[in-house]
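Computed from a prediction, not measured in an experiment: that's the story for all the values here. For the numbers below, each heavy atom of this structure counts, side chains included, while hydrogens, waters and symmetry mates do not.
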Amino acid sequence: MVGTLAAGVATALGGCAASETAPASEPTYIASLSTERRANPRVVDLLIELVENHGATRLVVVTESGTSVFQTQLRPEQRFVRVPLEDGVDAILHPIAAVESLDHEIVLYDGETELTRRPWQPTIDIDYELSLQNNSSVDIVNSIQLTLQNNSDIRMRPLRAYIANGFLTAAHEVEQIGQITPTTPTWAAGWERTYLIVADQPTVGSNLLSPPGRECFTEPKTVELVIEYEQPITDRLSIALALAGDPRLADGQTGNRSVYCSQPTIESWERVEREVSV
């Protein structure tokens, strides 16, 4: 599914969204930090607003390890600096797969004298909608449908997603089962994209929702869904689902047959953990 803007987001994020203002008690050089879309709505930049008469001649962005990833000379009257996050040769998070930490610092200098140092990291704000998809075409459905809603400052690309615990792994006698398709990114700041979690075990084709013992059930059972991103982020979701209705047979691509239930439902789910490697 092609990514689309979430309703009402474009206007809200067109200016200084997610603005962060410097505390009044500190010597002030940076008036605010915000993120802003470019003309290309898939790309978001960090916008740094400086105070009047800031006295700085150079701005540098450094990583947690102190490595400089962006720098620019400043004019005395200059009030704004735009720092590309993911697009362009000077983007500070490109390529995102090579970024070891999201923690950065913005450093201002007057000549060789350091004036101020301000921490910054991109906002990570992602949410999900979940549903179960089921029919007799085992090669494409009988799966968990996941819609990723991305309100982060950066694009999010899920590389792996699988069931790591629960009745499905026990039924198939494996430690984990499932893969995500497609693995294209969901763009930043209000975009969403829909993915499918399907089985990756040859013995069950792509039928992730094959019930244990080929018997459907209405009492919800719990599974744990792990989603690993290209960015240093992993989410764990606890999902209570029921494979209700009538058991039906379906033929897989390799000639194997599996059972799917006619009325699969997700009763509830919650994110139980978000691991961010910073």
Can you check whether [X] reaches [Y] side chain to side chain, under 4.5 Å on heavy atoms?
X: I239; Y: T222; result: no
X: V61; Y: S68; result: no
X: I124; Y: L102; result: yes
X: V62; Y: T67; result: no
X: L108; Y: T57; result: no
X: W269; Y: V223; result: no
X: L47; Y: F80; result: yes
X: N151; Y: I126; result: no

Pairing donors with acceptors under 3.5 angstrom, does anything connect the side chains of [X] and [Y]?
X: S65; Y: T63; answer: yes
X: E49; Y: S32; answer: yes
X: T183; Y: Y195; answer: no
X: T147; Y: Q145; answer: no

So, [X] side chain and [Y] main chain: donor-acceptor pair closer than 3.5 Å or not?
X: N150; Y: T186; value: yes
X: R193; Y: P185; value: yes
X: S152; Y: D125; value: yes
X: N165; Y: T169; value: no

Out of curiosity, [X] [atom1] to [Y] [atom2], how far, rounded to the nearest 0.5 Å?
X: Q121; Y: S101; atom1: CD; atom2: OG; value: 7.5 Å
X: L46; Y: F70; atom1: CG; atom2: CZ; value: 9.0 Å
X: H104; Y: L85; atom1: NE2; atom2: CG; value: 9.0 Å
X: I197; Y: L208; atom1: CD1; atom2: CG; value: 8.0 Å
X: L243; Y: R214; atom1: CG; atom2: CZ; value: 14.5 Å
X: E36; Y: D153; atom1: CD; atom2: CG; value: 12.0 Å

In plain terms, say whether [X] and [Y] are close enough for a salt bridge, that is, a side-chain N and a carboxylate O under 4.0 Å apart.
X: R42; Y: D87; value: no
X: R155; Y: E86; value: yes
X: R236; Y: E275; value: no

Return the minimal non-hydrogen interatomic distance between [X] and [Y], and the atom names on each side.
X: S262; Y: D246; result: OG-N, 2.8 Å
X: G245; Y: C216; result: O-CB, 3.4 Å
X: Q149; Y: E129; result: NE2-OE2, 3.1 Å
X: C261; Y: A244; result: CB-O, 3.3 Å
X: R37; Y: R82; result: O-NH1, 4.4 Å
X: P84; Y: D45; result: CA-OD1, 3.3 Å

With side-chain contact (heavy atoms from CB on, under 4.5 Å) as the criterion, how do L132 and L209 come out once you've worked through the C-alpha distance, each side chain's angles and the decisive distance to 0.1 Å? CA-CA 9 Å; L132 301 184; L209 304 180; 4.2 Å; yes
Using ring centroids (six-membered ring only for Trp), state whether Y29 and Y109 fall under 6.0 Å.
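Centroid distance Y109-Y29: not below 6.0 Å, so no.
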Side-chain heavy atoms nearer than 4.5 Å, only ILVMFWY residues, links allowed to pass through others: does that put [X] and [Y] together?
X: L237; Y: I180; value: yes
X: V44; Y: V81; value: no
X: F217; Y: I163; value: yes
X: Y162; Y: I177; value: no
X: I30; Y: V107; value: no

> Passes side-chain contact (heavy atoms from CB on, under 4.5 Å), L148 versus Y128? Steps please.
Replying inline: CA-CA 5 Å; L148 172 60; Y128 305 99; 3.7 Å; yes
(request) Please assess Q231 against M156 for the test side-chain contact (heavy atoms from CB on, under 4.5 Å), listing each intermediate value before the final yes or no. (result) CA-CA 7 Å; Q231 297 77 5; M156 302 300 300; 3.8 Å; yes
Atom CD of residue position E112 - does it have more than 12 heavy atoms of other residues, nucleotides or ligands inside 6.0 Å?
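At most 12 heavy atoms, drawn from other residues, nucleotides or ligands, come within 6.0 Å of this atom.
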| field | side-chain contact (heavy atoms from CB on, under 4.5 Å) assessment of L241 paired with T265 | value | CA-CA 6 Å; L241 56 85; T265 58; over 6 Å; no
